[in-house]
Amino acid sequence: MSSTSVQGLADSRIQRRVEHLMGMPISLALRGRHATTVAGDQAWQATINQLRQVDVIFSTYRSDSIINRLDRGELTIAECPAEVAEVLELGREAEEQSDGAFSIMLPTRDGHRRLSPSGVVKGWAAQRAAQFLAALDDTDFCLSAGGDIVCRTADPSRGTWRIGIEHPFDPNTLVAVVPIRTGAVATSGTAHRGAHLVDPRTGREPRGVASVTVIASSLTWADIDATAAYVHGRDAARWLQTRPIRSALVVWADGTTTRLLTDPLSN
Amino acid sequence: MRRIVIWLASTVTVVVLLFGYHTSTNKTASSAPTVDGTSGPTTSAGNAPTESPSSGPTSGSNGSGSTKITTYTGPVAQTRWGPVQVKITVQSGKLTKVTILQQPNGNPRDAEINGYALPILINESLSAQSANIDMVSGATVTSDGYAQSLQAALDEAGI
């Protein structure tokens with residue numbers, strides 16, 4: 001796909017930036033007053049810097065990360081930065097609210113369980129780091145952390161952000177588009193990394209579902225709910241109906257889809 | 001301005017829907033239900049839905065006493081944007097959930113309902129290019145796969 005083929009809202013009013021962190025691309029689109037200002041650049045740098053610090057604490061790939069040292073018993077929670085307790089509490093809440101479909105204690109091949117909070121960290125960290133962008137006056141942003149998105153529209157006249165939902169069977173095509181002003185979009189599936197999501201209760205891969213996209217007001221919970229719903233397999237849509245989300249899209253293993261719009265009148 | 005017109009039109013769609021299942025749950029009601037407290041017209045939907053006979057209530061699994069849960073599936077309403085069908089869940093006399101069973105794909109701009117963002121399915125004839133997207137949500141886009149990804153093309157387009 002050539003760059004010139006992306007048209008429409010992706011026009012000159014939108015300024016884009018990309019960095020690679022935590023093994024994934026962090027992409028930003030800015031429009032409005034600070035799209036090209038020094039303040040806009042500084043907010044982006046602050047966002048990236050905070051994500052880097054999160055990686056130092058939580059990366060399970062770095063043997064010297066705080067979280068791995070905690071897992072090995074070299075540190076106590078009290079000795080860790082406050083973010084660790086926050087993430088562990090979030091993981092506990094997620095496990096409770098998902099009937100155990102989501103857990104930060106994942107089974108390993110040798111039958112043990114390992115502290116692996118990355119399922120919580122990504123959405124939580126991106127939502128948290130977006131605060132610097134949200135503080136930009138009269139500026140809209142759309143931030144993607146490896147395909148999980150948090151966005152804001154300060155001026156409705158600039159229109160919605162349009163989020164393409166990758167097709168789980170062909171990542172070069174889209175299965176849907178989500179027009180959204182302010183909120184979060186998270187997708188769980190196995191398109192890129194192969195099967196990496198297992199049911200923490202059984203150690204098995206979920207069946208019947210190819211991808212789950214959740215639209216909610218916070219990326220922290222959109223990400224958790226998308227993962228938990230995916231793990232629920234054939235019960236994904238049913239389980240999502242119990243969640244305080246805005247809407248969702250489930251692509252089933254047979255290529256059919258289910259869209260949900262939950263509780264639009266209670267918010 | 002066009003955007004506003006379309007957005008209001010989408011609100012009308014929702015109101016039409018709500019008319020649709022209101023009549024199926026309370027056949028004596030004739031006045032317009034005030035369901036949309038935040039914006040948009042709540043009356044005079046120009047094109048009333050052509051209703052097929054609506055289905056009756058379907059009792060929920062745990063329907064006993066005051067916590068009775070009942071679901072109603074509304075008729076398929078033919079709007080100018082295409083067929084729309086909604087299912088609602090009523091618990092203890094209170095509307096607790098609305099699920100859209102069918103929603104038109106034809107107008108990509110009409111899906112945002114009161115700030116809610118509903119995914120619009122893309123039919124095969126609509127390519128990623130013509131979908132005018134700003135960002136891609138997918139299953140854990142890694143840096144390894146990034147160079148070939150749609151997101152990379154978008155990022156490049158803006159630089």
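In what follows, every chain begins at residue 1, and chains take the letters A, B, ... in the order their sequences are listed. Heavy-atom basis, side chains included; hydrogens, waters and symmetry copies ignored.
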A/Val178 vs B/Ile120, side-chain contact (heavy atoms from CB on, under 4.5 Å): CA-CA, chis, key distance, verdict: CA-CA 6 Å; A/Val178 180; B/Ile120 303 154; over 6 Å; no

Only pairs at least two apart or in different chains count here, so list each ring pair (Phe, Tyr, Trp, His ring centres under 6.0 Å) that has a residue in residues 207-234 of chain A. A/His232-A/Trp239

Does any backbone or side-chain atom of A/Ala226 lie under 4.5 Å from a heavy atom of chain B? Answer side chain, backbone, both or neither. neither

Against chain B, work out which of A/Thr213, A/Ile149, A/Val212 has the most heavy-atom pairs shorter than 4.5 Å and name it. A/Ile149

Measuring heavy-atom distances to chain B, does A/Ser27 have an atom under 4.5 Å in its side chain, in its backbone, in both, or in neither? both

Taking all atoms of both residues into account, what is the closest heavy-atom pair of A/Leu28 and B/Met135, and its distance? C-CE, 4.0 Å

Check against side-chain contact (heavy atoms from CB on, under 4.5 Å), A/Val177 and B/Ile133: CA-CA 7 Å; A/Val177 172; B/Ile133 54 169; 4.0 Å; yes

Bottom line for A/Ala216: the part with an atom under 4.5 Å from chain B's heavy atoms is neither

Heavy-atom pairs under 4.5 Å with chain B, option from A/Ser144, A/Cys151, A/Gly183 with the top count: A/Ser144

Checking A/Ala154 now: which residues fulfil side-chain contact (heavy atoms from CB on, under 4.5 Å) with it, not counting sequence neighbours? A/Asp140, A/Arg152, A/Arg158

Spatial distance of atom CG (B/Leu118) from atom CD1 (A/Ile215) [nearest 0.5 Å]: 7.5 Å

Heavy-atom closest contact (B/Leu121 atom, A/Leu249 atom, distance): CD2-CD1, 3.8 Å

Donor-acceptor contact present, side-chain B/Ser137 to main-chain A/Asp148, <3.5 Å: no

B/Pro119 backbone acceptor or donor facing A/Arg259 side chain under 3.5 Å: yes

Is it the case that the side chain of B/Asp134 and the backbone of A/Trp161 share a donor-acceptor pair, with hydrogens and angles ignored and the cut-off at 3.5 Å? no

